[in-house]
Amino acid sequence: MGVKKSSKLSQAALLKHILKRCSSLGKKHGYDDNGLPLDVPKGHFPVYVGANRTRYIVPISYLTRPEFQLLLRHAEEEFGFHHDMGLTIPCEEVVFRSLTSMLR
């Protein structure tokens with residue numbers, strides 16, 4: 001189950017767009033000169049989950065997992081990928097933690 005071609009983007013292009021979007025959230029406090037968050041290890045990216053938008057750092061390897069791709073499709077449908085708030089996953093935190101614990 002791959003990411004469907006949304007907005008005429010291939011799966012690879014969509015994943016590249018997500019990573020670029022996550023890493024270019026701006027040069028605010030806590031970001032390096034390249035716009036990358038200082039507290040996010042290489043090979044990971046931040047997502048925001050639940051009503052309180054709790055921040056989680058997840059490995060980029062999750063992007064290839066069908067379970068995580070389903071969450072990304074829901075995120076795109078609900079929020080789109082063109083907003084200033086970072087990648088927001090529209091599910092309850094307990095569901096997100098349960099899913100990501102199975103992906104390890």
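Values in this document were obtained by computation on a predicted structure and should not be read as measured data.
- Every side-chain contact (heavy atoms from CB on, under 4.5 Å) that Pro59 has, sequence neighbours left out, goes to His44, Ser61, Tyr62.
- Two residues are said to be in side-chain contact when any heavy atoms from C-beta on lie closer than 4.5 Å; Arg55 and Val47 fail this criterion.
- Using a 4.5 Å cut-off between side-chain heavy atoms of Ile, Leu, Val, Met, Phe, Trp and Tyr, with links allowed through other members, Val58 and Met102 fall into the same hydrophobic cluster.
- Considering only heavy atoms from C-beta on, Leu72 comes within 4.5 Å of Leu63 through its side chain.
- With contacts defined as side-chain heavy-atom distances shorter than 4.5 Å, the pair Phe45/Leu87 qualifies.
- For the residue pair Leu99 and Glu67, the shortest heavy atom distance occurs at CD1-CB, 3.4 Å.
- The backbone N or O of Thr88 sits nowhere less than 3.5 Å from a side-chain atom of Arg53 that would complete a donor-acceptor pair.
- The NZ atom of Lys42 sits 9.5 Å away from atom CD1 of Ile60, with the distance rounded to the nearest 0.5 Å.
- Looking only at side-chain heavy atoms (C-beta outward), Phe96 and Leu71 come within less than 4.5 Å of each other.
- Ser101 and Ser98 make their closest contact through OG-O, 2.7 Å (heavy atoms, listed as atom of the first residue, atom of the second, distance).
- Remark: the backbone N or O of Gly50 is not paired with any side-chain donor or acceptor of Glu92 at under 3.5 angstrom.
- For Thr54, the side-chain hydrogen bond (donor to acceptor under 3.5 Å, both in side chains) partners are Glu93, not counting sequence neighbours.
- Side-chain contact between Ile89 and His74 is absent, with no heavy atoms from C-beta onward closer than 4.5 Å.
- Here Glu78 pairs with Pro90 under the side-chain contact (heavy atoms from CB on, under 4.5 Å) rule; sequence neighbours left out.
- If you chain together hydrophobic residues whose side chains sit under 4.5 Å apart, Tyr56 and Leu103 fall into the same group.
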Practice task
Might you work through the side chain to side chain contact (heavy atoms under 4.5 Å, CB included) test for Tyr48 and Phe79, ending with a clear yes or no?
Solution key: CA-CA 12 Å; Tyr48 300 88; Phe79 305 113; over 6 Å; no

